[in-house]
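Here's the structure, in structure tokens; my notes come after.
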Amino acid sequence: MRKTAVKSDWNTLEMPKQNETFILDREFSDTQMQELRKGFIPAEMEDKWFCYMAGNTLFAHRSWTGFCIYIVGTIITR
């Protein structure tokens, strides 16, 4: 079983002030949500993303630079 990722597991930078917002309408099964909540900690150079969840928000950072590329907010679980 892999460790659940948290922000402090990686050197991250905040989302730039200049960014775009869009609506992502997507449903996830309970199993998929369990996997999303674990996040992802890169283990090799080929692993391009570091992802973690804080509350119901998913953060995705480029692993090499730490730049925050995506923030997926308001993930509602049923």
Side-chain angles (χ1 to χ4, degrees):
M1 187 159 113
R2 73 176 197 253
K3 175 188 183 313
T4 298
V6 294
K7 183 177 182 175
S8 61
D9 287 330
W10 207 255
N11 185 20
T12 61
L13 299 170
E14 299 300 318
M15 172 73 74
K17 290 190 188 325
Q18 184 177 355
N19 58 63
E20 296 290 326
T21 301
F22 59 93
I23 295 173
L24 176 65
D25 186 11
R26 173 81 195 266
E27 291 187 22
F28 296 98
S29 70
D30 290 340
T31 302
Q32 290 171 319
M33 281 306 301
Q34 287 175 357
E35 288 301 308
L36 281 174
R37 291 195 181 287
K38 290 178 187 175
F40 182 78
I41 302 171
E44 301 175 4
M45 292 293 286
E46 292 79 16
D47 296 335
K48 296 183 175 24
W49 296 97
F50 166 67
C51 302
Y52 68 95
M53 284 194 73
N56 286 328
T57 303
L58 176 68
F59 295 85
H61 295 258
R62 291 299 289 183
S63 63
W64 288 15
T65 63
F67 291 142
C68 183
I69 304 298
Y70 300 109
I71 299 174
V72 182
T74 315
I75 294 177
I76 301 169
T77 58
R78 296 176 198 193

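Both backbone and side-chain heavy atoms feed into the values below; hydrogens, waters and symmetry mates do not. What you see is a predicted model, and the numbers here were worked out from it, not measured in a lab.
- Of the listed residues (R37, K38, M33), just one forms a side chain to side chain contact (heavy atoms under 4.5 Å, CB included) with E35, and that residue is K38.
- Side-chain N or O atoms of S63 include one that pairs as donor or acceptor with a backbone N or O of D47 at under 3.5 Å.
- Put simply, the side chain of W49 never gets that close to the backbone of I41: no donor and acceptor are under 3.5 Å apart.
- No side-chain heavy atom of I71 sits under 4.5 Å from any side-chain heavy atom of L58.
- Using a 4.5 Å cut-off on side-chain heavy atoms (C-beta onward), D9 and Y52 make no contact.
- Going from atom CE of M15 over to atom NZ of K17 covers 12.5 Å, rounded to the nearest 0.5 Å.
- Taken to the nearest 0.5 Å, the OG1 atom of T65 stands 7.0 Å off from the CG atom of L13.
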**Request:** Take Q32 and R26 through the test side chain to side chain contact (heavy atoms under 4.5 Å, CB included) and record every step on the way to the result.
**Result:** CA-CA 12 Å; Q32 290 171 319; R26 173 81 195 266; 4.2 Å; yes
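- Heavy-atom minimum distance, C51 versus A5: O-CB, 3.4 Å.
- When the side chains of ILVMFWY residues are joined at heavy-atom separations under 4.5 Å, either directly or via intervening members, I69 and W64 end up in two distinct hydrophobic clusters.
- Atom-to-atom distance recorded for F59:CZ and E14:CD is 8.0 Å, nearest 0.5 angstrom.
- By the neighbour-count criterion of 12 heavy atoms within 6.0 Å, atom CG of N11 is sparsely surrounded, having that number or fewer from other residues, nucleotides or ligands.
- Formation of a donor-acceptor pair under 3.5 Å by the H61 side chain with backbone atoms of G66 is found in this model.
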**Message:** Walk me through whether W10 and F40 qualify under side chain to side chain contact (heavy atoms under 4.5 Å, CB included).
**Reply:** CA-CA 10 Å; W10 207 255; F40 182 78; over 6 Å; no
